[in-house]
Amino acid sequence: MQKEYTTSFEAIESYEHLDETEKKLFDSAQKFRAIAYAPYSNFTVGCAILLENGEIISGSNQENAAYPSGLCAERTTIFWIGANFPEVKIKKLFVIGAPREALTSVPIPPCGACRQSILEYEAKQSDPIEIYFASLGGAIYKTKSIRDLLPFSFDASYL
């Protein structure tokens, strides 16, 4: 028996094609990317998350000389929300990543560990989280749920 799985995403042409809320998220993620602590990889990432109460919480990647003790921007931000707003749902997550000195137009998606962490919060709240990922210019990709980026996911239902 062969089964087929499909995933989907939307390619938003550029920043100018975002709505006002999406632009706020982009701007916040870009601001936090600029202050990321990434002296070893020089790959800087910013994340901005929109909560259901309208608040935007942002963070950046934080590296450590003792690899892999650092933490990605997505997990830095989402864990802070989990600790400080445990009952507030996450609506949208926007991530921007790129090498510190390089201009790239390739959208940078969350890594595997971040995808798994986002999945945990999506499952916890029983509502999808829209995921946007971008670089410093060019297209922005949007998915309706982390499950579009993590189709064969592992969650608490397996435990």
### Cluster overlap Phe9 with Ile118, hydrophobic side-chain contacts below 4.5 Å
yes
## Note on the structure
Rounded to the nearest 0.5 Å, the OG atom of Ser28 sits from the CG atom of Leu50 at a distance of 10.5 Å
### Summary
In short, Ile129 meets Gln125 closest at the heavy-atom pair CG1-NE2, 3.3 Å
### Task
Starting at SG of Cys47, measure out to CD1 of Ile131 and round the result to the nearest 0.5 Å.
8.5 Å
#### Entry: Listed partners of Ser41 passing side chain to side chain contact (heavy atoms under 4.5 Å, CB included), at least two apart
Ala38, Phe43, Glu63, Tyr67
### Task
Taking atom NZ of Lys23 as the centre, report whether more than 12 heavy atoms of other residues, nucleotides or ligands fall under 6.0 Å from it.
yes
### Spacing of CD1 belonging to Ile49 relative to CD1 belonging to Ile78, to within rounding of 0.5 Å
4.5 Å
### Side chain to side chain, Ile81 and Tyr121, heavy atoms closer than 4.5 Å
no
## Note on the structure
Test side chain to side chain contact (heavy atoms under 4.5 Å, CB included), reference Trp80, set Asn84, Thr77, Thr76, output is Asn84
### Task
Might you point out which heavy atoms bring Gln30 and Leu136 nearest each other, and give the distance in Å?
NE2-CD2, 4.5 Å
### Query
Atom CZ of Phe26 and atom CD1 of Ile96: how far apart are they, to the nearest 0.5 Å?
4.0 Å
### Message
Measuring from atom CG of Asp19 to atom CD1 of Ile12, what distance do you get when rounded to the nearest 0.5 angstrom?
### Response
8.5 Å
### Plane angle bin for Phe154 and Tyr158 - parallel if under 30°, tilted between 30 and 60°, otherwise perpendicular
parallel
### Message
In this structure, would Phe79 and Leu51 fall into the same cluster of hydrophobic residues linked by side-chain contacts under 4.5 Å?
### Response
yes
### Task
Using the rule that two of Ile, Leu, Val, Met, Phe, Trp, Tyr join whenever any of their side-chain heavy atoms come within less than 4.5 Å, decide whether Leu71 and Leu119 are in one cluster.
yes
### Query
If every non-hydrogen atom of Ile56 is compared with every non-hydrogen atom of Lys24, which pair is closest and at what distance?
CD1-CB, 3.9 Å
### Task
Compare every heavy atom of Phe32 with every heavy atom of Gly59, then report the nearest pair and how far apart it is.
O-CB, 3.4 Å
### Message
For a quick test of reading the model, state the closest non-hydrogen atom pair linking Asn64 to Gly70 and the distance between them.
### Response
CB-N, 3.9 Å
### Query
NZ of Lys124: more than 12 outside heavy atoms within 6.0 angstrom?
yes
### Task
Please determine, by modelled atom types, if Thr44 and Arg33 share a side-chain donor-acceptor pair under 3.5 angstrom.
yes
### Query
Among side-chain atoms of Asp155 and Ser153, is any donor-acceptor pair under 3.5 angstrom?
no
### Query
Side chain of Thr7, backbone of Asp148: donor and acceptor closer than 3.5 Å?
yes
### Task
Report the distance from atom CD of Glu22 to atom CG of Leu25, rounding to the nearest 0.5 Å.
7.5 Å
### Query
Looking only at heavy atoms, what is the nearest atom pair of Ile108 and Gly97, with distance?
CG1-O, 2.9 Å
What donor-acceptor contacts under 3.5 angstrom involve side-chain atoms of residues 85-95, with partners at least two apart or in another chain?
| residue | atom | partner | partner atom | Å |
| --- | --- | --- | --- | --- |
| Lys89 | NZ | Asp127 | OD2 | 2.6 |
| Lys92 | NZ | Glu130 | OE1 | 2.6 |
| Lys92 | NZ | Tyr132 | OH | 3.3 |

### Query
Got Asn42 and Glu101 here, is their nearest side-chain heavy-atom distance under 4.5 Å?
no
### Task
For residues Ser145 and Glu122, determine if any side-chain heavy atom of one lies less than 4.5 Å from a side-chain heavy atom of the other.
yes
### Task
Would you check if there is a donor-acceptor pair between the side chains of Glu74 and Ser117 at a distance under 3.5 Å?
no
### Task
Kindly indicate whether the side chain of Ser60, heavy atoms from C-beta on, has any atom under 4.5 Å from the side chain of Tyr37.
no
### ILVMFWY network linking Val106 to Tyr15, side-chain heavy atoms under 4.5 angstrom
no
